[in-house]
Protein chains: 4
Amino acid sequence: MTSFHTVGIIGKQRDEPQFGAVLQRLMAHLHRRDVAVLVDACSASQARAAGLDCDQPWALAALGQTCDLIIVVGGDGTLLQAARDLANHAVPLVGINLGRLGFLVDISPCHIEDRLDQILRGEYESDRRALIETRMDGGAEIGCALNDVVLHKWNSMRMIEFETYIDGCFVNAQRSDGLIVATPTGSTAYALSGGGPLIHPGLDALLLVPICPHTLSNRPLVVPGASCIEIRICQFEPEHVRLTCDGQFDLPLAADTPIRITRGDQQVTLLHPPGHDHYGILRAKLGWSGHPQSGQPC
Amino acid sequence: MTSFHTVGIIGKQRDEPQFGAVLQRLMAHLHRRDVAVLVDACSASQARAAGLDCDQPWALAALGQTCDLIIVVGGDGTLLQAARDLANHAVPLVGINLGRLGFLVDISPCHIEDRLDQILRGEYESDRRALIETRMDGGAEIGCALNDVVLHKWNSMRMIEFETYIDGCFVNAQRSDGLIVATPTGSTAYALSGGGPLIHPGLDALLLVPICPHTLSNRPLVVPGASCIEIRICQFEPEHVRLTCDGQFDLPLAADTPIRITRGDQQVTLLHPPGHDHYGILRAKLGWSGHPQSGQPC
Amino acid sequence: MTSFHTVGIIGKQRDEPQFGAVLQRLMAHLHRRDVAVLVDACSASQARAAGLDCDQPWALAALGQTCDLIIVVGGDGTLLQAARDLANHAVPLVGINLGRLGFLVDISPCHIEDRLDQILRGEYESDRRALIETRMDGGAEIGCALNDVVLHKWNSMRMIEFETYIDGCFVNAQRSDGLIVATPTGSTAYALSGGGPLIHPGLDALLLVPICPHTLSNRPLVVPGASCIEIRICQFEPEHVRLTCDGQFDLPLAADTPIRITRGDQQVTLLHPPGHDHYGILRAKLGWSGHPQSGQPC
Amino acid sequence: MTSFHTVGIIGKQRDEPQFGAVLQRLMAHLHRRDVAVLVDACSASQARAAGLDCDQPWALAALGQTCDLIIVVGGDGTLLQAARDLANHAVPLVGINLGRLGFLVDISPCHIEDRLDQILRGEYESDRRALIETRMDGGAEIGCALNDVVLHKWNSMRMIEFETYIDGCFVNAQRSDGLIVATPTGSTAYALSGGGPLIHPGLDALLLVPICPHTLSNRPLVVPGASCIEIRICQFEPEHVRLTCDGQFDLPLAADTPIRITRGDQQVTLLHPPGHDHYGILRAKLGWSGHPQSGQPC
């Protein structure tokens, strides 16, 4: 009756009061549907704290290999983390938010059972999102991100100077607080605060947003997803420049070593219940107007 | 020796002092290369004013059918016009500017002979640009544009209200001075003044930029090129709203008739001499910094 | 017991369903407080439509001369209009909104009686707002505005070109869709949509916001309130450029005649109940965050 | 013949190839005009390196007490530093740039002798600029700035959260990369990169510009110069938030201690040669258009 026989649950690292209750409903409902449930360490500890009967926690890689589906419970940050951790696995993800709609975790705890049943019955929309990866010139991959890779000044008040190349072509030299290289997924995150446009997740593109650039005409750039973006830092001072992936950790940089950022081959697959409404989420999160007056098309 | 045997020349409608001299060099050089030269009415009149020997002028459609290559002499506006006029013809275009570099007319009059020889020898880069077309719901095409289709308030101080749909999904209702729907080519034109990003011409995308929107979170949107954009005007007052293509003419609108804007099937092919540098043009036009200090990579 | 013995009521021109009920409560309460009530034509007609007993309507100028206080019922637009109409009179204004908080009409219909009693008892905050006026070079005043004077393209797709001078000094020549010259009051209106900053109403300043300027570094300017702003239109085409005051009417322009815009000597005085919170209104209207979490200072 | 009998020279800390030559001309010309010349340590060392005869260097405070006029040679940063260092002294400053026009150092080395003679003859424009100062709640002054005081995230990728109060009124709680509080002088510096407006130096105002705010309607604010701006950091983590003055040094912050920023009582007086053109400098630095076509008013 379902193609999902083994479902993993990944939880948010920081405590949320409602996490226990959500976990309980989730586990109970999955058991009711005869689905095997595996949990990560975080969910296991939350489950036990909530007095739930719970198996041993699984490592993420093992979850990725074993599960047909993974349910992420938390905020967008929790799902970003899970997507990066499972980037080498094909398992699809479903996001349940803990009360506040996210761009990525779009299922409300109110509707867990109904939405889950739809997905278990195969009624869902599949939404593939590209990750980007960054590496030093010629080196191994050093990080991947679902939202953005950000070069930024660090431990310093002074703008940094760097040159940008796209597919080997020199773009410009700029002085700014840094550069955000974002996926369409990341266009609603830090890139938006930096003045970037909203990019539809179905578009194969990368977005470059300079952070507080000295030159006012240094506007955001949108380039084909297959582009190779290269950044060369002028006057490299290791303590004053950082590179981060999804804002979570920073990567070692070296003098005279260009940074290469490309859309990776890896994708994460998000499943949404039927009727998923990308623009509805934008309207809710950004305070856009819905239909005027009557709620009907004018 | 060349695959271009018959070359058309299309000129700028308004007088430019140097047009005669450019035309003379152009025609002389093409004759020297044994290429047949056909001119449009505007070029013919300029040629005669400059005392040049010149055949009868050709209608644009006839130029489009007969020529292997068309040289457009003027500014970006001249090339935009030629691209729209020749949208149903496959003939490639080359743009020569009359002194000021354009985003589209990138050959300087100083280098006419050399650049032309390169192109006639088959040494060129081919650059295909999508056009967008707009039609009323269910109706015939009513306009095409290489830069943008713009809905805007007209004859009025009051913002207009409209709803936007993409591929049938409701996006939002907005009050603003209007909406720019631009191609990547148009992202350096009016859309840029309206706050939009720069989009690489190789990306198959459409750009929506609200003009002075009442809601500050109504940011520019970038969507896949194959999207169908539909605009429904609320409280339609025919004298207070207009739709234009490349800023040149306006289209009749009717109450209760959504406007549909799509990337058309038609493309225009621009030829550039080898070494064409898209970002170099952006740097020159937008005042971006080149390589710092020495002119060498840092 | 009150220094306000004669109170005028000015109403919104377009029908609002709740206007009758608000008017009834307002008139009943003022009579209860032994205050004479005079109404404008609009309020009189609404009052009669609501079956209220109502004296003959008064002309605005007569209201301005006769009343100690004028209550404006409607939206910000109603108050803008009243402020312009009464610019030559010293009478203070109070704004009651018809259900949606305005930047200027800040008293909710829910609290009419309480707020009115506070004001009648002399418990209020007085808030003086400058108007700006515009005149042709050497000519008579041709318009005044509480929000903004806007020069803009009209009946045309093409940007207009004009030069700006401040206190006789050349500022720049620009191509754009127009220029907004706003008071601090107007900084929350059209100027905000155009990208301008928010200016505190207590600052004696004028704000210049270019509308979609061709040059990206043409940023908004804030200048001293006593500045004389002069605009000279290049290539004046009377049908393609307009000047409006508060977006409500347009003014005749003539070739070769600079436009002068200055803060006028006139001010309008708004009265607010005690505890008026300018930033609270900004938070409510712009969707800013209040105190995080607990509602307490962090 | 001049009211300036003792002139100090303050130089740029980092080497500039032309500094020696400028210094030589400057010192020679001042001696020719019988003006006593005192130099700071930096200028003295540069002078000696250039083989000039030079007295012992003076400490800045001593220069401030002894001189009638101080000439700053360098860039805007050099003048900012001098202005802060001499904030307690009434001595006026003149700025000579080393080749690239600054917003503050507006005399070109080409015109040293002529401009200096004008100023010595009393032909100058006096331009008073406010400084801002910042202190912890109830504490001593901890820093002053001619451009800006900036609160910003530090050593971290995460936005900081803080509340802003103006004159005791709560403005908003925001998540962002920080907040720039700038003088009109600073409106052309970092605040401009952050999206702020240009403020005329003659306006007594302070400017607040949020850096990459999470909420898109968190627009720049312009408030009266006498305002007291208070910032309260939520979840204060000393290693992840910094406060700097003119981008040059950072100030200790403490938990639960609001930061107060006010326009100080101190002002710096800049002297400009006659015909100083504030907007001319903006045009040159920001790439604005001058008079169209002919260079004549249209």
Side-chain angles (χ1 to χ4, degrees), chain C residues 161-167 169-175 184 187 192 195-200 202-209 213-227 232-236 256 258 277-280 282-283 285-293 297-298, chain D residues 161-167 169-175 184 187-188 192 195-200 202-209 214-227 232-236 256 258 277-280 282-283 285-293 297-298:
Chain C
E161 289 188 55
F162 55 92
E163 297 183 357
T164 303
Y165 295 77
I166 297 179
D167 291 335
C169 297
F170 174 60
V171 175
N172 62 22
Q174 73 178 253
R175 268 199 317 136
S187 72
L192 189 61
L198 298 162
I199 303 186
H200 191 278
L203 184 68
D204 182 16
L206 292 176
L207 168 62
L208 289 81
V209 178
H214 182 262
T215 299
L216 300 176
S217 61
N218 266 356
R219 298 293 295 271
L221 284 179
V222 187
V223 298
S227 303
R232 298 184 192 172
I233 302 164
C234 310
Q235 302 174 319
F236 176 75
D256 303 322
D277 181 358
H278 172 66
Y279 295 110
L282 290 180
R283 286 195 301 276
K285 300 284 290 181
L286 297 178
W288 288 353
S289 288
H291 291 290
Q293 287 119 23
C298 60
Chain D
E161 289 189 55
F162 55 91
E163 297 183 356
T164 304
Y165 296 76
I166 297 180
D167 291 334
C169 298
F170 174 59
V171 175
N172 61 23
Q174 74 178 255
R175 269 200 315 138
S187 72
T188 55
L192 189 61
L198 298 162
I199 302 186
H200 191 279
L203 184 68
D204 182 17
L206 292 176
L207 168 62
L208 288 82
V209 179
H214 182 262
T215 298
L216 300 177
S217 60
N218 267 357
R219 300 293 295 271
L221 285 178
V222 187
V223 298
S227 304
R232 298 185 192 172
I233 302 165
C234 310
Q235 301 174 321
F236 177 75
D256 303 322
D277 181 358
H278 172 66
Y279 294 110
L282 290 181
R283 286 194 301 277
K285 299 286 290 181
L286 297 178
W288 289 352
S289 289
H291 291 291
Q293 285 121 19
C298 60

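Everything numeric in this text was worked out from a predicted model, so none of it was measured. Sequence lines set the chain letters: A, B, ... in the order given, protein chains first and strands last, and positions in each chain run from 1. These values consider heavy atoms only, across backbone and side chains, with no hydrogens, waters or symmetry-generated copies.
Nearest approach of C:L203 to D:P224, heavy atoms of both residues: CD1-CA, 3.5 Å. Heavy-atom minimum distance, D:R219 versus C:L198: CB-CD1, 4.3 Å. The nearest pair of heavy atoms linking C:W288 to D:S217 is NE1-O, 2.8 Å. Contact record, C:F170 with D:G290: CZ-C, 3.6 Å, taken as the closest heavy-atom pair.
C:V222 is listed as a side-chain neighbour of D:P197, based on a closest heavy-atom distance under 4.5 Å. Side-chain contact between C:Y279 and D:I166 is present, with at least one heavy-atom pair separated by less than 4.5 Å.
For the set C:G280, C:G196, C:G202, C:G287, the entry with the most heavy-atom pairs within less than 4.5 Å of chain D is C:G196. Counting heavy-atom pairs under 4.5 Å between each of C:L282, C:T215, C:N172 and chain D puts C:N172 at the top. Taking chain C as the reference chain and counting heavy-atom pairs below 4.5 Å, the highest number among D:G195, D:S227, D:A205 is found for D:G195.
Residue C:L207 does not touch chain D at all, counting heavy-atom pairs closer than 4.5 Å. For D:L192, the parts lying near chain C are the backbone and the side chain together; criterion is any non-hydrogen pair under 4.5 Å.
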